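Working notes for the structure below.
One-based numbering along the sequence shown. We count ligands from 1, going down the list as the structure has it; atoms in each ligand are counted the same way. This structure is a prediction, so every number in the text was calculated from the model and none was measured.
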Amino acid sequence: MVLNRKEQLNSIADTTFDLCVIGAGASGAGVALDASLRDYQVLLIDQGDFGHATSSRSTKLIHGGVRYLEQAFTKMDLGQLKQVYHGLHERHTVLHLAPHLTQPIALITPVRRWLAGLYYTIGLRMYGWFASGKDKLPRSKWLTRKQALQHIPGLAPSVHSAVLYYDGQLDDARYALALALTAARAGASIVNHCRLESFTSGESGQIVGAMAQDLISGKPVPIRARRFINCTGPYSDTVRQLANPELTARLRPSKGVHVMLNAELMQSRDGLLIPETKDGRVVFALPFAGKTLLGTTDTPYHSLEQEPLVLASEVQYLVETLSPYLANTIRPQDIKAGFGGIRPLITSTEKSGTKSLLRDHEVEYDPDTGLISLLGGKWTTYRLMAADAVDKVVELDQGNAECTTATHPLVGATGWHSQYDEDLVRHYRIPGDWAEHLSRHYGTDSPEVVAIYQEHPDHQERWHPEFPYRIAEIIYQVRFEMASTIRDVLAQRTRLEIQDWQAAHDVAPVIGKWLGKLLKWSAEDQNSEVEAYQHFLEHAGKTAGIRVK
Ligand SMILES: Cc1cc2nc3c(=O)[nH]c(=O)nc-3n(C[C@H](O)[C@H](O)[C@H](O)COP(=O)(O)OP(=O)(O)OC[C@H]3O[C@@H](n4cnc5c(N)ncnc54)[C@H](O)[C@@H]3O)c2cc1C
């Protein structure tokens with residue numbers, strides 16, 4: 001479906017919406033889809049790109065959380081147990097709704113002693129029992145050292161043995177985008193780079209409208225909607241207090257960073273779970289987008305107005321945590337990129353530090369203003385969270401529309417199968433590596449990208465010799481996915497920004513040239529867009545202690 005940003009913006013002026021959803025991460029895009037499928041007229045806005053904040057900066061696991069299971073038993077905490085149960089039951093649905101953007105992933109937990117092997121084998125067997133059984137992921141298994149090394153050839157041979165179990169993995173940024181695009185296909189208006197600035201209230205104090213700003217043109221965007229749902233993740237308190245300054249803060253944001261390493265270090269299609277860090281957490285090293293995703297950290301974060309960049313000390317912590325488990329040394333040149341995210345943790349169950357806060361969710365209704373806020377949560381349960389929020393709207397409206405998202409596939413999913421890339425090669429005679437990339441990014445919408453590829457030889461050029469991306473994708477992303485900035489292309493619609501900072505820096509002029517042509521930028525604007533993006537990468541690199549130029 002062609003998506004023209006100007007047309008979407010124009011629709012705002014002409015419509016009084018049933019619902020305005022503020023924030024297009026997992027929560028907001030999930031709410032927009034759920035409500036559209038229940039025939040509500042929905043507007044979804046985000047101050048950045050769809051999914052650009054926390055929802056593209058996760059560990060990318062669809063899971064119940066093995067650590068929560070351990071805590072549930074050691075602390076006799078039923079709440080944690082419930083969370084594991086919900087996560088594991090939802091895992092199947094999240095995988096199933098967009099199989100092209102998700103996959104099962106084998107996770108290997110190395111142990112140094114026999115007793116630890118027994119402990120994790122029992123724990124992970126129980127974790128499997130909590131799953132619904134619908135997703136048919138293989139059972140957990142205790143591996144000998146030799147078997148563990150076959151799974152991860154880069155593992156240090158000093159381990160005693162390892163325990164293998166399965167969870168789900170998703171391309172979080174493309175999943176969030178797919179939710180927003182699926183909502184648009186179901187009738188929602190969706191606009192990125194549009195920030196909610198203020199609410200307008202009637203005499204009773206109830207919100208009757210809002211003022212937003214189109215951050216691309218700088219123009220004001222008045223919004224009329226019957227109800228507003230605040231899905232702004234870590235920024236939820238700001239929006240809650242914008243509506244009602246009397247409300248007390250509910251969130252305690254926590255920063256988590258990841259670094260991307262050269263995949264040669266592990267040489268594995270399976271992930272590694274480091275079961276115990278020096279600060280009592282778990283750390284993952286997972287294959288993702290041709291690299292190894294290593295993370296995460298967990299520290300309180302207060303500067304919400306600033307992007308949470310990776311610090312050199314955080315890189316050092318992660319490298320020091322992984323190093324004892326690898327056969328080879330991690331060299332500075334093995335660190336290719338990094339990214340930071342902010343967890344929207346709810347404070348109501350606050351104990352000592354953010355590690356002990358529940359990542360549970362809550363739907364808050366403020367009767368004084370009518371604002372509904374969807375707080376907390378995690379990627380894995382986005383659909384349940386969205387259903388709870390839209391159920392609240394239905395209840396307030398005294399309606400009876402039910403949630404149908406569990407059986408509504410996301411864009412690109414219908415008709416997709418794991419050999420879909422071979423179909424693309426057979427039908428369109430395109431290179432195999434590009435077909436594989438298309439299949440896993442655009443699913444059964446790939447033929448639209450191929451049609452653009454076939455329009456002109458220039459559209460067939462690769463952006464960078466080491467990555468499969470081609471010019472046709474930039475054109476597709478502008479026409480069909482509302483890409484409006486260089487970062488929209490490199491961070492969310494493709495993942496080059498988190499695969500390799502230097503490569504993203506190198507290709508920025510090409511992306512800028514094509515976006516300039518498609519979006520009619522002046523030469524001056526084009527140059528400043530490229531320079532600003534390159535400057536951002538250089539700054540991010542410097543902060544992390546990685547040279548980018
Ligand atoms: C390091 C880390 C690792 C994680 N790993 C996992 C994992 O492996 N599995 C898992 O299930 N979960 C994981 N999570 C949790 C998960 O990523 C989050 O719970 C989820 O992405 C939050 O989504 P959200 O939509 O609530 O917030 P966000 O994705 O942050 O979306 C909120 C949106 O609101 C927008 N916004 C804010 N203010 C305004 C405004 N005034 N106007 C318009 N828009 C506005 C923002 O631009 C943003 O896009 C992880 C989180 C972190 C930080």
Side-chain angles (χ1 to χ4, degrees), residues 20-32 43-65 67-68 83 86-87 90-91 94 105 167-170 172-173 175-176 179-180 191-199 210-213 215 221 223 228-240 242-243 251 253-258 271 282-284 286 288 293 295-299 301 304-305 307-308 310 314 338-346 354 359-361 373-383 385-386 389 492:
C20 171
V21 183
I22 312 152
S27 314
V31 166
L43 168 65
L44 173 68
I45 58 166
D46 198 292
Q47 65 181 0
D49 193 15
F50 307 115
H52 81 109
T54 314
S55 297
S56 53
R57 294 140 191 268
S58 75
T59 309
K60 307 177 200 328
L61 286 174
I62 313 163
H63 62 165
R67 186 163 58 89
Y68 308 138
Q83 236 188 298
H86 283 314
E90 196 56 15
R91 188 175 69 182
V94 178
I105 180 170
D167 250 324
Q169 188 181 35
L170 84 168
D172 51 3
Y175 207 109
L179 285 169
V191 187
N192 52 3
H193 304 288
C194 182
R195 181 172 58 216
L196 179 111
E197 306 254 291
S198 59
F199 289 108
M211 186 56 81
Q213 191 187 10
L215 298 180
V221 181
I223 295 172
F228 285 79
I229 304 196
N230 168 18
C231 297
T232 53
Y235 312 94
S236 296
D237 280 335
T238 311
V239 174
R240 288 170 68 242
L242 201 61
L251 294 186
S254 141
K255 179 185 178 191
V257 307
H258 292 83
V282 300
V283 161
F284 292 94
L286 310 172
F288 183 76
L293 170 78
T296 179
T297 55
D298 192 347
T299 46
Y301 192 71
L304 283 181
E305 63 296 342
E307 177 164 341
V310 180
E314 293 167 331
F339 57 93
I342 314 171
R343 297 177 188 85
L345 305 181
I346 305 181
T354 63
R359 278 156 184 77
D360 221 339
H361 73 272
S373 293
L374 177 52
L375 306 172
K378 62 178 188 168
W379 241 120
T380 308
T381 47
Y382 82 89
R383 202 190 60 77
M385 295 161 57
Q492 276 81 239

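- Taking every heavy atom of G25 and a limit of under 4.0 angstrom, the matching atoms of ligand 1 come to 25 (O), 29 (O), 31 (O).
- Residues W379 and S55 share a closest heavy-atom pair of NE1-O, 2.9 Å.
- For ligand 1, one of its N or O atoms has an N or O atom of L196 under 3.5 Å away.
- The option with the heavy atom closest to atom 32 (C) of ligand 1, from among L61, D49, T232, is T232.
- A side-chain N or O of N192 and one of D49 form a donor-acceptor pair less than 3.5 Å apart.
- For ligand 1, the atoms closer than 4.0 angstrom to any heavy atom of A53 are 30 (O), 48 (C), 49 (O).
- Partners of R57 by salt bridge (charged side-chain N to carboxylate O under 4.0 Å, His left out), not counting sequence neighbours, listed by chain and number: E307.
- Judged by distance alone, the side chains of D298 and S254 do bring a donor and an acceptor atom under 3.5 Å apart.
- A side-chain donor from one of T59 and H258 sits under 3.5 Å from a side-chain acceptor of the other.
- Here the shortest heavy-atom distance to atom 21 (O) of ligand 1, taken over G376, A26, S55, belongs to S55.
- Ring pair F199/F228 is perpendicular by interplanar angle, where above 60° counts as perpendicular and below 30° as parallel.
- Ligand-side atoms of ligand 1 in range of H52: 46 (C), 47 (O), 49 (O), range being under 4.0 angstrom from any heavy atom.
- Under a 4.0 Å criterion applied to the non-hydrogen atoms of C231, ligand 1 contributes the atoms 32 (C), 34 (O).
- The residue among P344, S27, G377 with a heavy atom at the shortest distance from atom 24 (P) of ligand 1 is S27.
- Numbered from 1 in the order shown, with element, the atoms of ligand 1 that lie under 4.0 Å from a heavy atom of R57 read 1 (C), 2 (C).
- Relative to atom 35 (C) of ligand 1, the option among T297, D46, I342, V191 with the closest non-hydrogen atom is D46.
- The contact set between ligand 1 and K60, taken as ligand atoms under 4.0 Å from a residue heavy atom, comprises 8 (O).
- In the model, S58 has a side-chain atom that pairs as donor or acceptor with a side-chain atom of D172 under 3.5 Å.
- The C194 neighbourhood of ligand 1 comprises atoms 43 (C), with distances under 4.0 Å to a heavy atom of that residue.
- Atoms of ligand 1 found under 4.0 Å from any heavy atom of T296 (numbered from 1 in listed order, with element): 1 (C).
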